[in-house]
Amino acid sequence: MEEESIKGNFIKNIITEDIAKGINGGRVMTRFPPEPNGYLHMGHAKSICLNFGVAKDFNGRCNLRFDDTNPSREYQKYIDSIIFDVQWLGFDWGEKICYASDYFDQLHEYAVELIKKGRAYVCSLDGDQIREYRGTLTKPGRESPDRDRPMEENLDLFERMGKGEFQDGAYVLRAKIEMASPNINMRDPVLYRIKNISHPRTGSKWCIYPMYDFTHGISDALEGITHSLCTLEFQDHRPLYDWLLDEVSVPCHPRQIEFARMNLNYTVMSKRKLQQLVEKGIVDGWDDPRLPTLAGIRRRGYTPEAVRNFCNIIGVGKKENRIDVGILENAIREDLNEKAPRAMAVVNPLKVTIENWEDGRTESLEALNHPQNPDMGTRSILFSRNLYIEREDFMESPPKKFFRLGPGREVRLRYAYFITCTRVIKDENGVITELICTFDPATRGGDAPDGRKVKGTLHWVSEEGSVPAKVHLYDRLFTTEDPEADTHDFTQNVNPDSLIKITGARVEKGLADALPGEAFQFERLGYFCLDSKLSSPGLPLFNRTVTLRDTWAKVSKKGNTV
RNA sequence: UGGGGCGUCGUCAAGCGGUAAGACACAGGAUUUUGAUUCCUGCAUUCGGAGGUUCGAAUCCUCCCGCCCCAGCCA
């Protein structure tokens, strides 16, 4: 079955070595540190599974910590949605949620400590000047004129910054490291900036807020984190992370380890790009089922188990990667194949009249809820003279390998009878509107006593035993594997058929009582779930989570069918 | 062209000096009242390239090539 933890990887190897060396007394503590400025997506899921998974594997713990140091773009609604998502994924952060803002007092003290040690100073250069003084990738930076400001003056200025005496941008607190460092992060990085704005959690207590680099390492240390896992772009920050923890009197010195973020093909993963899709109305909100946001895939019908398993399977390394969505699709199929009860639904109905079935007569037939799992029981489905089959399951002049219905052909209706098509009715435009068929009473349940075989089995629904429904068929959001490649505007690559809205579907009557999010396999079509937002009692809406593996589609696409 | 990383099958990914795991994908075949599931079988003489060390290298050394990241008072 399912493995609940990330398999062997370089991070676990490092931790195993650290434990062997007796570092941290064998204790392992990680953290998942989202900034509450957007919704979580699959990339975060990887990090969540990694951090919580590693902690679990080593009998440690993992904190959920909000990195809320920039109140100008962080909001409570994101905090709420992130908490919900992490919970949904199935992880437990213990007794309390952590917030970097809870450490603002201590952070401030550590800043003062740095100033007193002569390792930080208040700089009055403005943004442009700081950038100019910083130098470039190939040219060293120049020292700020304020770099040697006396310690008392720094202390005084920093205190007044905190009291709100200055405008935004008037001063910043900077670490005094090395302006000629080849690592730009070490060129006297800004530690604190003035932002006369209130914070979602600390209100108006502060008007100076600590920067990421200063906050993160110290927060890690205060929480007793042993291994601080982050993405590759922070590799250049590690020297600063270590410098800070060495200079300040924190209780411990966590080890930062960087891993590659996940990319999925046929989609985009960055908050900024996702936001564009939402804002331009290309998708319908952050929980649009086509998006790789956790809210989106949840609504699409993905289960936490499948997501966790997926994160497991893809592993973790330091190589840039672009995972094939097929792996994700396989994960959800694997999970739903086992869990989802089967049902019949006709997405694109074609009317079928059984001419030798008495008008008005209905019959109850028994159907398995899961062919491989008898424990899931049976249900009864209604057969009658008036049926619907999938329009795609009939061809007037079928190729040899087409096992479905055609004029004069006999097929089985699942759990019902063998039927033979005797006549095709068309409208004035030549469009097929109805099929006239006969059924064989001896084949009740789907077996022929004379042993004759039939190549195809079709799903169906009867007029009396079904209700109308809406169905949303989703496909990949983009037509190219890497939507961001070779274009200035990735939205040009949006797949126009990524959502097909079907209004005239018919589903088994029992499905009318489905619960929001409840998953089913519509036989021969795929896995579907009741939409949690747009479904109404009288007209259920089902989202297609993923299609079934379809060998026929492959064969017919190859063109060897005609 | 400064610094930091990365390069093992189509896509991920194990491997840590002893002679290339696994997953997905793909290709065959068996079973099948879902062309589903399940089940077999096949799928890197080779690890970015070239040298070198060694009885032996994807693993060690050297050089080269390619790709990614960094110049926010964002994280």
Side-chain angles (χ1 to χ4, degrees), chain A residues 7-9 13 33-35 37 67 69-70 72-74 123 125-127 130-132 134-141 168-174 181-187 189-195 209 211-213 215-216 230-239 258 260 262 265 271 312-331 333-334 337-338 342 344 367-368 370-372 401-404 412-416 418 443 445-447 453-459 481 521-526 547-556:
Chain A
K7 64 188 180 192
N9 60 54
N13 293 346
E35 180 189 13
N37 71 339
D67 223 329
T69 59
N70 185 358
S72 49
R73 58 180 214 173
E74 295 159 0
C123 179
L125 256 27
D126 66 29
I130 286 184
R131 188 181 319 121
E132 188 203 324
R134 184 157 36 221
T136 69
L137 295 179
T138 49
K139 279 191 308 229
D168 287 12
Y171 292 102
V172 290
L173 180 71
R174 291 228 254 168
S181 172
N183 182 343
I184 292 186
N185 295 298
M186 299 300 268
R187 321 240 261 229
V190 172
L191 266 24
Y192 263 92
R193 76 288 218 191
I194 299 171
K195 272 180 186 286
Y209 294 96
M211 298 285 290
Y212 166 83
D213 286 304
T215 310
H216 206 88
C230 62
T231 42
L232 254 27
E233 64 271 28
F234 291 102
Q235 284 175 123
D236 291 342
H237 293 242
R238 183 159 19 99
E258 310 85 11
M262 161 175 69
N265 62 8
K271 277 180 195 169
N312 237 210
I313 288 165
I314 63 170
V316 50
K318 301 191 73 161
K319 192 178 66 173
E320 296 287 336
N321 58 75
R322 174 157 247 101
I323 312 283
D324 189 338
V325 286
I327 297 178
L328 215 209
E329 292 174 346
N330 182 259
R333 282 196 189 103
E334 203 173 276
N337 174 48
E338 200 178 300
R342 263 101 261 225
M344 290 201 281
L368 267 22
H370 191 124
Q372 280 78 42
K401 283 176 167 170
F402 186 82
F403 303 156
R404 286 109 102 144
R412 169 169 41 232
L413 292 184
R414 176 140 243 228
Y415 298 126
F418 283 12
T443 58
D447 281 310
K453 298 287 182 206
V454 98
K455 280 299 259 287
T457 298
L458 310 186
H459 60 278
E481 285 204 35
Q521 184 200 92
F522 288 173
E523 294 209 37
R524 303 211 308 136
L525 294 176
T547 61
L548 253 28
R549 205 174 264 116
D550 190 351
T551 314
W552 165 246
K554 269 180 220 158
V555 174
S556 59

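Proteins get letters first, then strands, A, B, ... in listed order; numbering begins at 1 in each.
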Using the [atom1] atoms only, state how far [M] lies from [N], rounded to an integer number of Å.
| N | M | atom1 | answer |
| --- | --- | --- | --- |
| B:rA25 | B:rG51 | P | 39 Å |
| B:rC73 | B:rG66 | C1' | 37 Å |
| B:rA50 | B:rC65 | C1' | 10 Å |
| B:rU59 | B:rC16 | C1' | 6 Å |
| B:rC67 | B:rA14 | P | 24 Å |
| B:rG22 | B:rA44 | P | 11 Å |
| B:rG48 | B:rG7 | C1' | 6 Å |
| B:rA57 | B:rU46 | P | 14 Å |

Pairing partner (Watson-Crick or G-U wobble, both distances under 3.5 angstrom) of [N]:
| N | result |
| --- | --- |
| B:rA57 | none |
| B:rU31 | none |
| B:rU46 | none |
| B:rA25 | none |
| B:rG7 | B:rC65 |

Do the non-hydrogen side-chain atoms of [X] and [Y] ever get within less than 4.5 Å of each other?
| X | Y | answer |
| --- | --- | --- |
| A:Arg73 | A:Asn37 | yes |
| A:Arg342 | A:Gln372 | yes |
| A:Leu368 | A:Tyr415 | yes |

Legend entry - Polar side-chain contact A:Arg238-B:rG4 base: donor and acceptor under 3.5 Å: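 Not at all, since no donor on one side and acceptor on the other fall under 3.5 Å apart.
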
Q. For the side chain of A:Gln372 and the base of B:rU38, is some donor closer than 3.5 Å to an acceptor across the two?
A. no

Provide, to the nearest angstrom, the distance between the [atom1] atom belonging to [X] and the [atom2] atom belonging to [N].
| X | N | atom1 | atom2 | value |
| --- | --- | --- | --- | --- |
| A:Leu328 | B:rA23 | CG | C1' | 14 Å |
| A:Tyr209 | B:rA75 | OH | P | 12 Å |
| A:Met262 | B:rA13 | CE | P | 12 Å |
| A:Glu334 | B:rA36 | CD | C1' | 14 Å |
| A:His370 | B:rU32 | NE2 | P | 18 Å |
| A:Asn265 | B:rA25 | CG | P | 13 Å |
| A:Asn9 | B:rG22 | CG | C1' | 15 Å |
| A:Glu258 | B:rA75 | CD | P | 18 Å |

For this session: Any chance you could lay out the side-chain hydrogen bond (donor to acceptor under 3.5 Å, both in side chains) test for A:Arg412 and A:Thr457, step after step, and finish with the verdict?
Result: CA-CA 5 Å; A:Arg412 169 169 41 232; A:Thr457 298; 3.1 Å; yes

Within less than 4.0 Å of OP1 or OP2 of [N], is there a side-chain N or O belonging to [X]?
| X | N | answer |
| --- | --- | --- |
| A:Lys554 | B:rC26 | yes |
| A:Lys139 | B:rU1 | no |
| A:Arg524 | B:rG35 | yes |
| A:Thr215 | B:rA75 | no |
| A:Lys319 | B:rA13 | yes |

RNA chain B nearest-nucleotide lookup for A:Asp324 and A:Arg333: closer to the 5′ end is A:Asp324

Nearest-nucleotide check on RNA chain B, A:Pro34 vs A:Asp550; residue mapping nearer the 5' end is A:Asp550

Expected string for nucleotides 69-74 of chain B under the B/S/- scheme (protein heavy atoms, under 4.0 Å, primed atoms plus P, OP1, OP2 as sugar-phosphate) is BBBSBB

Item to check | Side-chain donor/acceptor of A:Arg134 to backbone N/O of A:Arg187, under 3.5 Å | outcome: no

* To do: Verify, without hydrogens or angle tests, whether A:Asn330 (side chain) and A:Leu328 (backbone) share a donor-acceptor contact under 3.5 angstrom.
  => no

Discussion item. Taking the basic N atoms (NZ, or NE/NH1/NH2) and the acidic carboxylate oxygens, is any pair closer than 4.0 Å for A:Glu481 and A:Arg322?
Written reply: no

Nearest to side-chain heavy atoms of A:Leu548, which nucleotide of B:rC12, B:rG5, B:rU34: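 The closest nucleotide is B:rU34.
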
- Message: As a test of reading the structure: which of B:rG2, B:rA75, B:rU34 is closest to the side chain of A:Asp67, going by heavy atoms?
- Response: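 Nucleotide nearest to A:Asp67's side chain: B:rA75.
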
Base, sugar-phosphate, or nothing: which does [X] touch, judged by heavy atoms less than 4.0 Å apart?
| X | answer |
| --- | --- |
| A:Arg174 | nothing |
| A:Pro371 | base |
| A:Gln521 | base |
| A:Asp213 | nothing |

Syn or anti conformation of B:rG28, syn meaning chi within 90° of 0: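 Anti conformation here, the glycosidic angle of B:rG28 being more than 90° from 0.
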
**Request:** Apply ring pair (Phe, Tyr, Trp, His ring centres under 6.0 Å) to A:Phe522 and list each qualifying residue two or more places apart in sequence or on a separate chain.
**Result:**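 If we apply the ring pair (Phe, Tyr, Trp, His ring centres under 6.0 Å) test to A:Phe522, skipping adjacent residues, the hits are A:Phe528, A:Phe542.
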
Across all chains, not counting sequence neighbours, the ring pair (Phe, Tyr, Trp, His ring centres under 6.0 Å) partners of A:Tyr212 are A:His216, A:Phe234

Check the pair A:Ser181, A:Asn183 against side-chain hydrogen bond (donor to acceptor under 3.5 Å, both in side chains), reporting the backbone distance first and the verdict last.
CA-CA 5 Å; A:Ser181 172; A:Asn183 182 343; 5.5 Å; no

